[in-house]
Amino acid sequence: MAQVRVRFAPSPTGPLHIGGVRTALYNYLFAKKNKGVLILRIEDTDQTRFVEGAEEYIMDSLKWCGIVVDEGINEGGQYGPYRQSDRKGIYRKYADILIEKGDAYYAFDTSGQLEKLRADSEKEGKTFIYNASVRDNLCNSISLLESEWKAKLENEEPYVIRYKIPSDEDIHFDDLIREHIVVNTNTLDDKVLYKSDGMPTYHLANIVDDHLMEISHVIRGEEWLPSLPLHIMLYRSCGWNPPLFAHLPLLLKPDGKGKLSKRDGDKMGFPVFPLYWPFGETAKGYREEGYYPDAFINMLALLGWNPGTEQEVFSKEELINAFSIERVGKSGSRFDPEKAKWFNHFYLQKRTNNQLALEFRDFLRAKGYHVDIVNLEVLIGLVKERVSFVKDIWEQTDYFFKPPEKYDPEIIRKRWTENTPSLLSELKSVLEKIGNFSASVTEPAVKAWIEEKGYNTGEIMNAFRLVIVGASRGPHIFDIISWIGKEETIKRINKGLTEIGK
RNA sequence: GGUCCAUUCGUCUAGUGGUUAGGACGUCAGGUUUUCAUCCUGGUAACAGGGGUUCGAUUCCCCUAUGGACUACCA
């Protein structure tokens, strides 16, 4: 087989959402698996929808995800330029060739006229299709006399170039995921290939670029499946061999209503974008939520593809190795934010305490706490397994850095009796006598004291936790007091005694 | 409305002409932890419906239903 060359071809119309990221990811995995090349092509033929910053956003997102582009605007390559607006001069030639061959024609109908025709058809319960059935009654270079349409061109009347769909022909084509499909041309319409603004439409630009860039496999979203017969015909008209096609199932809205779209933003209770998007309607991203790119990619890869084994955790290299188009599913999937979270939890557990300490240190600095790395590593070790994100660590450890501001009333009710103050005072004197405050010293000492006096362990430990933590949560209490130190421990017992009182 | 695509636990999915229909997330229960969480163990839960074909269909075919995409001088 010739070299595998695939492309990811987004439109810079806003932030890339996770569906787009997944398409890019599958292209990337397929390319790497087959020792091929991934091309990033920016499809910006619609100048009215161009959004400032979107192109950068796309590139930043791919970079964050670890999706490495081989050819593109920044990467260069032998098949550039890689931005369609920079290729503007290329397309007209092909439209002209098609006209010359009789496979395309000039059309002068205005949008207003066509809109009205569509509306009228709809009223009658019919579908307006601009094709052989009505072509002759409309205003184009097929229905008009040659002298008429040539005069229009000379007068510089606005026109578009439409593809001339043949009448009543079954178009057969294959899709790597959906297998064989047949569509009759009578249901297709004469798509505009070249717009009156001098730009090609997606359909023309797409097949011209894919051909010129020697794309071997087109892997794209299922929303393109209906236009595949058109694309197949365009390749045929141009005398080119079409690439292989694979149409990916769509990512659905979590509430089950329709495909995921950019406009969903983060209204779903979780991000739909890889990165924060600061323009227009701002939206948060997976990166800012604290997801690790590897976890994010792993989760995304399994949404619509599976290896056929029970393995669910994959490094990027493992994904590349295991990936195949054949194992991409056929039906759309909505994704489960809980599972995404689980993936991140899993990946976080695999990180070392040192890595996490460094990540958490930045978080602490923002809050004005400065703690050395060694101490942070100890702290991380105490709470690591209960967090899914680095930012969760703070919620689990705030009381390590500052005494409780309030005490859980429910725990007071359950654990604070009239004996408690005197017991805690006694505990305090026991602790005051201890020089080394590590858990291996304090724990046996306290337990020995409890045993000697015949006290109730639960009664003491729960009250002790209450004054140290403020609630009934957290790791082993002796690990906590070891970390905060003797002085702070004593202070908190005193604070608890005065504030809870009785 | 038309065209095309799809349909296995709540979700992501595996799977086969004969299986106790498997796994993961979630959820529930028990255990561990004198706290909470984690963790461990166990449980719950699915082949959309109806016809065929067949000795036998979740698996193959057809119909229906449901969902989705497309139906622009947007991609």
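So that the names make sense, note that chain A is the first sequence line, chain B the second, and so on, each numbered from 1. Only a predicted model underlies this, so the values are computations on that prediction, with no experimental measurement involved.
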*Asks:* Of all residues at least two apart in sequence or in a different chain, which pass the side chain to side chain donor-acceptor pair (under 3.5 Å) check with A:Thr13?
*Replies:* A:Lys262
*Asks:* Using nucleotides 73-75 of chain B, report all nitrogen or oxygen pairs with the protein that are shorter than 3.5 Å.
*Replies:*
unit_1	atom_1	unit_2	atom_2	d
B:rC73	OP2	A:Arg162	NH2	3.4
B:rC73	O2	A:Ser196	N	2.8
B:rC73	O2	A:Ser196	OG	2.6
B:rC73	N3	A:Ser196	OG	2.9
B:rC73	N4	A:Asp109	O	3.4
B:rC74	OP2	A:Lys195	NZ	3.2
B:rC74	O2'	A:Asp46	OD2	3.0
B:rC74	O2'	A:Arg49	NE	3.2
B:rC74	O2'	A:Arg49	NH2	3.3
B:rC74	O2	A:Arg49	NH1	3.4
B:rC74	O2	A:Arg49	NH2	3.3
B:rA75	OP1	A:Thr45	OG1	2.8
B:rA75	OP1	A:Lys195	NZ	2.8
B:rA75	OP2	A:Tyr202	N	3.2
B:rA75	O3'	A:Ser11	OG	3.0
B:rA75	O3'	A:Glu43	OE1	3.1
B:rA75	O2'	A:Ser11	OG	2.4

*Asks:* Within the 4.0 Å limit for protein heavy atoms, which parts of nucleotides 10-17 of chain B are touched? Write it as a string from 5' to 3', B for base, S for sugar-phosphate only, - for none.
*Replies:* BSSSSS--
*Asks:* Report the residues that fulfil side chain to side chain donor-acceptor pair (under 3.5 Å) with A:Ser227, sequence neighbours left out, ordered by chain and then residue number.
*Replies:* none
*Asks:* Once you measure the plane-to-plane angle for A:Phe245 and A:Tyr235, does it fall in the parallel (<30°), tilted (30-60°) or perpendicular (>60°) bin?
*Replies:* perpendicular
*Asks:* When you measure from the side chain of A:Glu310, which nucleotide among B:rC4, B:rG68, B:rG22 comes out closest?
*Replies:* B:rG22
*Asks:* Answer yes or no: is there an ion pair linking A:Arg236 with A:Asp103, defined by an N-O contact shorter than 4.0 Å?
*Replies:* no
*Asks:* What pairs of residues pass the salt bridge (Lys or Arg N to Asp or Glu O under 4.0 Å) test when at least one of them lies in residues 172-185 of chain A, not counting sequence neighbours?
*Replies:* A:Arg178-A:Glu222
*Asks:* If you measure from the C1' atom in B:rU19 to the same atom in B:rU27, how many Å do you get, rounded?
*Replies:* 26 Å
*Asks:* Nearest whole angstrom, please: distance from the P of B:rU3 to the CD1 of A:Ile171.
*Replies:* 17 Å
*Asks:* What integer number of Å spans the P atoms of B:rC60 and B:rA6?
*Replies:* 12 Å
*Asks:* Using atom P in both nucleotides, what's the gap between B:rC9 and B:rG23 to the nearest angstrom?
*Replies:* 16 Å
*Asks:* Look at all strands and tell whether A:Ile181 reaches a base, only sugar-phosphate, or nothing, counting heavy atoms closer than 4.0 Å.
*Replies:* sugar-phosphate
*Asks:* When the C1' atoms of B:rC74 and B:rA57 are compared, how many Å lie between them, rounded to an integer?
*Replies:* 46 Å
*Asks:* Could you check how far CG of A:Asp168 sits from P of B:rU3, rounded to whole Å?
*Replies:* 14 Å
*Asks:* Considering only the P atoms, how many Å lie between B:rU11 and B:rU71, rounded to the nearest integer?
*Replies:* 28 Å
*Asks:* Please name all residues satisfying ring pair (Phe, Tyr, Trp, His ring centres under 6.0 Å) with A:His17, sequence neighbours left out, ordered by chain then number.
*Replies:* none
*Asks:* Applying side chain to side chain contact (heavy atoms under 4.5 Å, CB included), can you list everything that pairs with A:Glu326, at least two apart in sequence or on another chain?
*Replies:* A:Ser324
*Asks:* Mark yes or no: A:Arg92 above the aromatic ring of A:Tyr194, with NZ or CZ under 6.0 Å from the six-membered ring centre and no more than 45 degrees from the axis.
*Replies:* yes
*Asks:* Rounded to whole angstrom, note down the P distance from B:rU53 over to B:rA72.
*Replies:* 44 Å
*Asks:* Say we look at B:rC25 and B:rC63: how far apart would their C1' atoms be, to the nearest angstrom?
*Replies:* 36 Å
*Asks:* For A:Asp197, enumerate each residue passing the side chain to side chain donor-acceptor pair (under 3.5 Å) test, keeping only those at least two apart in sequence or located in another chain.
*Replies:* none
*Asks:* For A:Leu225 and A:His345, find the nucleotide of RNA chain B closest to each by heavy atoms; which residue's nucleotide sits nearer the 5' end?
*Replies:* A:Leu225
*Asks:* Taking CZ from A:Phe346 and C1' from B:rU38, how many angstroms apart are they, rounded to a whole number?
*Replies:* 14 Å
*Asks:* Can you name the side chain to side chain donor-acceptor pair (under 3.5 Å) partners of A:Lys195, sequence neighbours left out?
*Replies:* none
*Asks:* Is there any salt bridge (Lys or Arg N to Asp or Glu O under 4.0 Å) pair reaching into residues 380-395 of chain A, and which pairs are they, with sequence neighbours excluded?
*Replies:* A:Glu289-A:Lys391
*Asks:* What's the gap between B:rU7 and B:rA14 when it is taken at their P atoms, as a whole Å value?
*Replies:* 10 Å
*Asks:* Any carboxylate oxygen within less than 4.0 angstrom of a Lys/Arg side-chain nitrogen, looking at A:Lys339 and A:Asp336?
*Replies:* no
*Asks:* Where the side chain of A:Val183 is defined as all heavy atoms beyond and including C-beta, which of B:rA69, B:rG2, B:rC4 is the nearest nucleotide?
*Replies:* B:rC4
*Asks:* Mind checking if A:Pro229 touches a base, just sugar-phosphate, or nothing, with heavy atoms under 4.0 Å?
*Replies:* nothing
*Asks:* Would you mind listing every salt bridge (Lys or Arg N to Asp or Glu O under 4.0 Å) that reaches into residues 105-119 of chain A, with sequence neighbours excluded?
*Replies:* A:Lys116-A:Asp120
*Asks:* Given B:rC5, B:rU3, B:rG1, which nucleotide is nearest the side-chain atoms of A:Thr127?
*Replies:* B:rG1
*Asks:* Contact class for A:Gly125 (heavy atom, under 4.0 Å): base, sugar-phosphate, or nothing?
*Replies:* sugar-phosphate
*Asks:* Under 4.0 Å from any atom of RNA chain B, heavy atoms only: list the residues of residues 385-399 of chain A that qualify, in numerical order.
*Replies:* A:Glu385, A:Arg386
